[in-house]
Each structure stands twice: as C-alpha cells, then as structure tokens.
Amino acid sequence: MSVIRAKLRSRETGMTQFEKVSHFSGLHPKPAGLVLQYGTAGFRTNAKQLDHIMFRMGLLAALRSKNTKATIGVMVTASHNPEEDNGVKLVDPMGEMVTQAWEEYATLLANAEQEGLIMALQEVIEREAINMGQEASVFIGKDTRPSSESLSQAVLDGVSALGAHGHDYGLLTTPQLHFMVCCKNTEGRYGNASEDGYYKKLAQAFIQLTKHARNRTDDQKHLLVDGANGIGALALRKMEAFLQKEFQFSLFNDGSQGKLNFLCGADYVKVQQRPPQGVEMNAGERCCSFDGDADRIVYYFNDSAGRFHLLDGDKIATLISTYLKELLTQAGLDLQIAVVQTAYANGSSTRYLEDTMKVAVRCVKTGVKHLHHAAQEFDIGVYFEANGHGTVLFSKAAEERIQRLATDPNINDEKKNAACLLENTINLINQTVGDAISDMLLIEAVLAIRGLTVQQWNAIYTDLPNRQVADRRVIDTTDAERRATSPLGLQEAIDALVKKYQMSRAFVRPSGTEDVVRVYAEADSQESADALAHEVSVAVYKLAGGVGPEPEPLH
Ligand code: NG1
Ligand code: ZN
C-alpha cells in the first residue's frame with residue numbers, strides 16, 4: 001500500500017519516485033557482478049568501487065528516516081584504512097550505529113544489480129511498511145580523503161532521489177556527525193546540532209571539570225597530539241579557542257604534509273607498538289594519537305631510557321572506570337558500573353578490573369555496535385576496544401539520580417563535589433560513540449583531578465606482551481569469513497600452540513574492515529608473544545589456504 005501511495009504522490013510532479021531513483025541510479029551505476037559485504041563498521045574498500053554504494057546508502061538513509069520519522073546520519077570515511085580506501089557508516093536517530101536489522105537491507109541494496117535496484121527498494125519498503133509520503137531528513141559528514149568529496153555527493157544524490165532533505169555538514173569527525181544527529185533528534189537537549197555547538201558543550205564541561213584540579217602546571221596542561229593527517233587535526237584546531245588555554249597542545253601530522261594514517265595515527269601506534277613518525281617527543285612527555293576519523297585514541301610516552309610505553313583502550317577504560325567508581329562511592333550512589341571489552345583486551349587489564357577494582361567485566365564480539373549494546377545494559381557502561389575506540393554510557397535513570405544529587409541542598413560538601421564532578425563528566429562525554437577529542441579531554445581532566453602523571457597511570461597494571469599480525473600475503477580473504485575460522489583442525493592447532501607458552505592466549509578472525517586475517521597472541525614475554533603469533537599465522541597459512549610466501553618470523 002505504501003508503494004502505491006508513493007506513486008500517486010509523485011505523479012503530481014511528473015516523475016514517480018522510482019523513476020527518479022532509476023534516473024539518478026544511472027549516474028551511479030553498479031559494476032556488474034561486484035559483491036560487497038557490510039563489515040565491522042559498514043562498507044569499506046577501495047574508493048573506486050564505492051560510488052554506487054554511496055548513492056544507495058543515501059537511498060537507504062532516506063528510507064530509514066521515513067521509517068523512524070527522525071533524522072539519520074551518513075558518514076563517508078574509512079577510519080584507520082589507507083587513504084585510497086573509503087567507506088560509509090549509517091547513524092541511527094539517537095546517534096548510535098544503525099540497527100543490525102538494517103545491515104541486511106544495506107547489503108541487499110548494495111549488491112542489487114542495476115536493473116534490480118527498484119525491486120530491492122520495494123522489498124525494504126514493504127518489509128518495514130514504510131510510508132513513502134513521510135518527510136525525511138539526512139545529515140551527511142565526510143573525512144579528509146580526496147575521494148570523500150565526490151562520494152558524499154553520491155550520498156546526497158541518493159537522499160534527494162527519494163525526496164528527502166539532505167544537510168551536508170562537509171568535513172566532520174565521525175563522532176561529531178553522531179553528535180549532530182543526536183542533538184537534532186532530541187530537539188537540542190543533547191546540545192546544539194552545529195560544529196560550534198559541539199565545541200562549546202565539550203569545552204565548557206572540560207573547563208568546569210578542571211576547576212576541581214588544583215594547581216595545574218603548564219606541563220600538566222600540555223599534550224602532544226598526532227592528528228593522523230586527518231579530520232581530527234582540523235577539528236582540534238577549531239576547538240582551540242573554545243578551550244581558553246585550559247588545555248594546550250602541540251599538533252603533529254595535521255594533514256598539511258603527510259598522508260592520512262601513513263606511519264601515524266592510533267591504529268599504526270597500537271598495532272606496531274611504536275611512536276608515530278612526525279612527532280617530536282621528549283622523554284616523559286604525554287602524547288596521544290587519533291585515527292583517521294577521530295573516533296579512536298591511544299596515549300603513549302617514551303621513558304628516560306628511550307623505551308616506548310603504550311596506553312591503549314584497556315588502560316583508558318581502567319583509568320575512567322576507576323575514577324567513576326571512586327566518585328560514585330564519594331557521592332554515596334549505588335549505581336552499577338561495568339566495563340565492556342573484546343577478545344583483544346589485554347589479559348592483565350581484565351584481571352586488574354575484576355580482581356583488584358572489583359568491577360564487572362563483559363566480553364563481546366569485535367565491533368563498536370556490540371560493545372555499545374552491552375554497555376547499555378548497565379547504569380554506567382564503560383566500553384573500550386583495545387585499539388582505543390570507546391566511551392561511557394549513562395542510563396537515563398543514572399543521569400537523573402546524579403542530577404538530583406547535584407542540586408540537593410541537604411547533602412555534605414564531599415557528596416556535592418562528587419555529584420558535580422559526575423555531572424560535568426557526563427557533559428564532557430560523547431555518549432553516542434567513541435570520540436577521540438572527547439575521550440582525550442576526559443583523560444586529561446581525570447589525570448589532573450587525580451593528580452596522576454602518565455607514568456603513574458601506566459603503572460596501574462602491566463600489559464602482558466602481545467602481538468597483532470595482519471598479513472595481506474597470508475590469506476586470500478574474498479571469503480575469509482569462513483576460511484579463516486572453519487578449516488578443520490585450525491582451532492585445535494591454535495590450542496596446541498597456545499599450550500607451549502606461559503600465560504598465553506591466541507585467536508584469529510577475518511577483519512571486517514580490511515582484506516586481511518588478524519592474528520592476536522599474548523604471552524609472558526614479548527619473545528613468546530611474537531613466536532606464538534608467528535606460529536599461529538603459519539598454522540592459518542597452512543590450514544586456511546594461504547597465498548604468497550609463508551609468513552616469516554617476527555623480528
Ligand atoms: P576489523 O578490521 O574487523 O578487525 C577493526 C577493529 C575493530 C573496530 C573496526 C571498526 C581491531 C582488532 N579491529 O575491525 O575493533 O574498531 O575496525 O573501525 O582493532
Ligand atoms: Zn575510526
């Protein structure tokens with residue numbers, strides 16, 4: 001019925017909606033036979049293959065908007081991938097990743113051959129009983145990749161082909177776009193849906209929070225930032241004035257010279273376990289790296305002996321959850337706090353959180369959507385992937401209790417102070433998705449309030465040495481999803497290898513964002529972790545039909 005209504009409405013303008021879609025689709029044709037899968041975080045591959053995908057995701061966003069009667073977001077980015085790749089992520093009304101039920105529709109539209117597109121659209125419309133007469137609105141953002149310009153235009157074409165209103169924000173970090181969508185759909189209660197609105201909200205919360213930290217020295221206010229030559233660098237520069245010198249930074253890899261994510265950025269630093277190129281670090285200086293769309297952050301420093309120390313998502317989760325737990329105790333609030341991790345979390349972090357901090361820990365599948373959902377089950381859910389993507393979610397009830405306490409005239413100073421800190425902390429956090437800028441400011445504030453140096457933070461627990469390998473030569477990943485996990489005997493072989501090492505753990509999974517298989521190993525020493533990672537990749541190579549030469553030992 002909804003389909004008929006769509007046809008009737010559009011007839012007045014001369015062209016039916018579907019005729020319009022067909023016409024525009026001809027400008028964004030799909031290469032026949034090309035099949036792309038919705039990965040860990042949307043579609044992601046070489047930018048040359050993505051024009052039709054972008055157009056069709058514009059269509060899907062318009063449908064999702066009609067379906068939810070709310071504004072939907074579309075972000076054009078490939079995050080930590082190399083510059084020649086690109087990708088697209090859809091944002092649901094409250095600023096979260098698009099619901100998993102719609103990933104199926106995304107795949108359906110993406111892979112429909114040119115002549116089957118209208119039928120695929122009709123299927124979605126019918127299955128969701130979408131009223132095509134409903135108004136629709138889509139927010140669009142893009143990262144700094146050269147290909148993002150024309151690809152975001154393709155998204156806009158898709159949006160307007162279905163008569164939806166498209167608002168193109170141009171260059172934004174991924175978390176900024178999530179923020180805008182949430183602001184819009186909460187009628188401004190979450191903040192103002194503009195770039196300045198974002199900077200103002202976060203900067204004000206940061207300034208309020210750091211008032212609670214006494215005697216901050218200039219050194220404590222200063223951080224070295226690696227912008228991965230991406231959008232995060234641009235955003236941070238724009239934010240500078242709003243921070244009123246309460247936070248100062250030296251920005252490296254700001255995109256003026258280097259290539260996006262090349263030898264720099266959070267993913268490079270985490271996987272290679274070494275500092276990015278292009279950052280001038282002195283011993284003991286606090287440094288951080290964003291990834292290509294600024295939704296991940298990792299910290300690090302070199303000690304006086306020149307040794308590199310990485311503080312990844314696990315260390316960040318520990319710092320933040322410890323801080324929050326202490327505040328809850330001071331405020332006398334019995335709210336349940338939990339940390340959500342993935343299999344990539346260092347074994348030491350899990351042990352520390354459970355045994356020493358007595359915080360509940362949940363382990364979920366890789367991918368932000370899985371962490372986000374699990375975190376929503378608690379009063380306060382702190383979620384971080386080891387790679388530095390994460391945030392904190394406060395349930396509505398928790399937020400209300402904190403607000404009531406902060407304005408309660410009958411409580412003592414200690415409780416009032418803790419409640420105010422919690423309130424400002426909530427305002428500083430981007431609860432829609434992991435946000436490098438918001439996380440960075442929160443970490444800076446927590447270190448200042450607790451009077452911790454980066455060395456003291458690092459010493460909270462010691463990481464088990466670990467190694468992550470991803471090798472394009474090792475395996476042909478066109479259908480790696482099965483070949484990496486199902487060859488008979490692979491898991492048994494890994495189990496046998498793990499037994500050879502002390503305190504060890506290892507697993508493999510196909511990446512959902514790159515054409516690789518990821519191998520993770522940890523053990524009691526770096527030599528053992530490296531050796532185990534190598535042995536497991538050889539097992540994958542032999543049992544899962546690797547291509548190219550056999551993987552070589554690490555170091
Ligand atoms: P894949 O490529 O599926 O491993 C990577 C990260 C995920 C997530 C996505 C989205 C690792 C091991 N994997 O996914 O955690 O962040 O990218 O960006 O870090
Ligand atoms: Zn990212």
Side-chain angles (χ1 to χ4, degrees), residues 37-45 75-83 85-91 97 103 141-145 148 172-178 227-232 235 260-261 264-273 289-298 310 312-314 317 340-346 363-372 374 383-391 430 433-439 466-472 475 477 480-481 484-485 506-522 533:
Q37 294 305 323
Y38 196 97
T40 317
F43 295 100
R44 213 177 276 187
T45 186
M75 181 71 196
V76 177
T77 179
S79 183
H80 59 278
N81 287 44
E83 190 166 275
D85 284 359
N86 216 323
V88 58
K89 312 191 214 188
L90 262 61
V91 181
M97 307 273 278
E103 290 183 4
K142 62 165 184 269
D143 73 12
T144 56
R145 284 160 210 273
S148 293
L172 284 183
T173 71
T174 293
Q176 282 178 328
L177 181 75
H178 286 250
N229 290 317
I231 180 65
L260 180 72
N261 294 331
C264 63
D267 199 63
Y268 174 84
V269 173
K270 166 72 180 158
V271 175
Q272 302 301 323
Q273 306 188 23
S289 284
F290 298 170
D291 76 336
D293 60 342
D295 63 354
R296 290 191 195 176
I297 185 166
V298 294
L310 174 69
D312 62 3
D314 304 335
V340 184
Q341 304 184 314
T342 72
Y344 291 98
N346 195 278
C363 182
V364 298
K365 284 205 306 205
T366 293
V368 175
K369 58 200 172 201
H370 302 297
L371 288 115
H372 194 92
Y383 75 80
F384 269 89
E385 296 186 308
N387 62 35
H389 183 113
T391 185
N430 184 345
V433 77
D435 182 332
I437 291 180
S438 151
D439 288 338
N466 60 88
R467 180 66 65 200
Q468 212 199 102
V469 198
D471 201 329
R472 277 173 196 273
I475 195 162
T477 52
E481 206 82 42
T485 51
F507 64 94
V508 302
R509 56 177 280 282
S511 161
T513 62
E514 290 174 82
D515 191 16
V516 294
V517 170
R518 296 200 198 285
V519 175
Y520 178 87
E522 66 186 32

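Values below: every heavy atom of this structure, side chains too, minus hydrogens, waters and symmetry copies. Order of appearance sets the numbers: ligands from 1, and atoms from 1 within every ligand. Quick note: residue numbers are just sequence positions, from 1.
- Centred on the Zn ion (ligand 2), the angle running from Asp291 (OD2) to Asp295 (OD1) is recorded as 100°, rounding to 10°.
- Of the polar atoms of Gly512, at least one N or O is found under 3.5 Å from an N or O of ligand 1, judged by distance alone.
- Not one N or O on the side chain of Asp295 forms a donor-acceptor pair closer than 3.5 Å with the backbone of Pro175.
- Note that CD of Gln273 is 9.0 Å distant from CD of Gln468, once rounded to the nearest 0.5 Å.
- Atom CG of Asn86 sits about 11.0 Å away from atom NZ of Lys142, to the nearest 0.5 Å.
- For atom 10 (C) of ligand 1, the nearest protein heavy atom (residue, atom name, distance) is Ala41 CB, 3.8 Å.
- In this structure, CZ in Arg145 is found 8.0 Å from CG in Asp293, a value given to the nearest 0.5 Å.
- A salt bridge is absent between Asp85 and Arg44; no separation between the charged side-chain nitrogens and carboxylate oxygens falls under 4.0 Å.
- Taking only non-hydrogen atoms, the option from Thr342, Leu371, Asn387 nearest to atom 11 (C) of ligand 1 is Asn387.
- Between Arg518 and ligand 1, a contact under 3.5 Å exists for at least one N or O pair.
- Residue Arg509 approaches ligand 1 through these ligand atoms, each under 4.0 Å from one of its heavy atoms: 1 (P), 3 (O), 4 (O).
- With distances taken over non-hydrogen atoms, the option nearest atom 8 (C) of ligand 1 out of Lys369, His370, Lys89, Glu385 is Glu385.
- Contact annotation for Tyr344 and ligand 1: only side-chain heavy atoms (C-beta onward) come within less than 4.0 Å of the ligand.
- The shortest side-chain heavy-atom distance between Tyr268 and Asn261 does not fall under the 4.5 Å cut-off.
- The shortest side-chain heavy-atom distance between Arg518 and Val271 does not fall under the 4.5 Å cut-off.
- Seen from the Zn ion (ligand 2), atom OG of Ser79 and atom OD1 of Asp293 lie 100° apart in angle, a value rounded to 10°.
- Distances between N or O atoms of Ser79 and those of ligand 1 include no value under 3.5 Å.
- Nearest to atom 3 (O) of ligand 1 by heavy atom, out of Val271, Thr366, Thr40, is Thr40.
- Interatomic distance, CD of Gln37 versus OG1 of Thr45, reported as 11.5 Å (0.5 Å rounding).
- No part of Met97 comes within 4.0 Å of ligand 1, judged by heavy-atom distances.
- Atom CG of Leu371 and atom OG1 of Thr366 lie 8.0 Å apart (nearest 0.5 Å).
- Ligand 1 lies less than 4.0 angstrom from a heavy atom belonging to His80.
- At a 3.5 angstrom cut-off on N or O pairs, Gln468 does not count as close to ligand 1.
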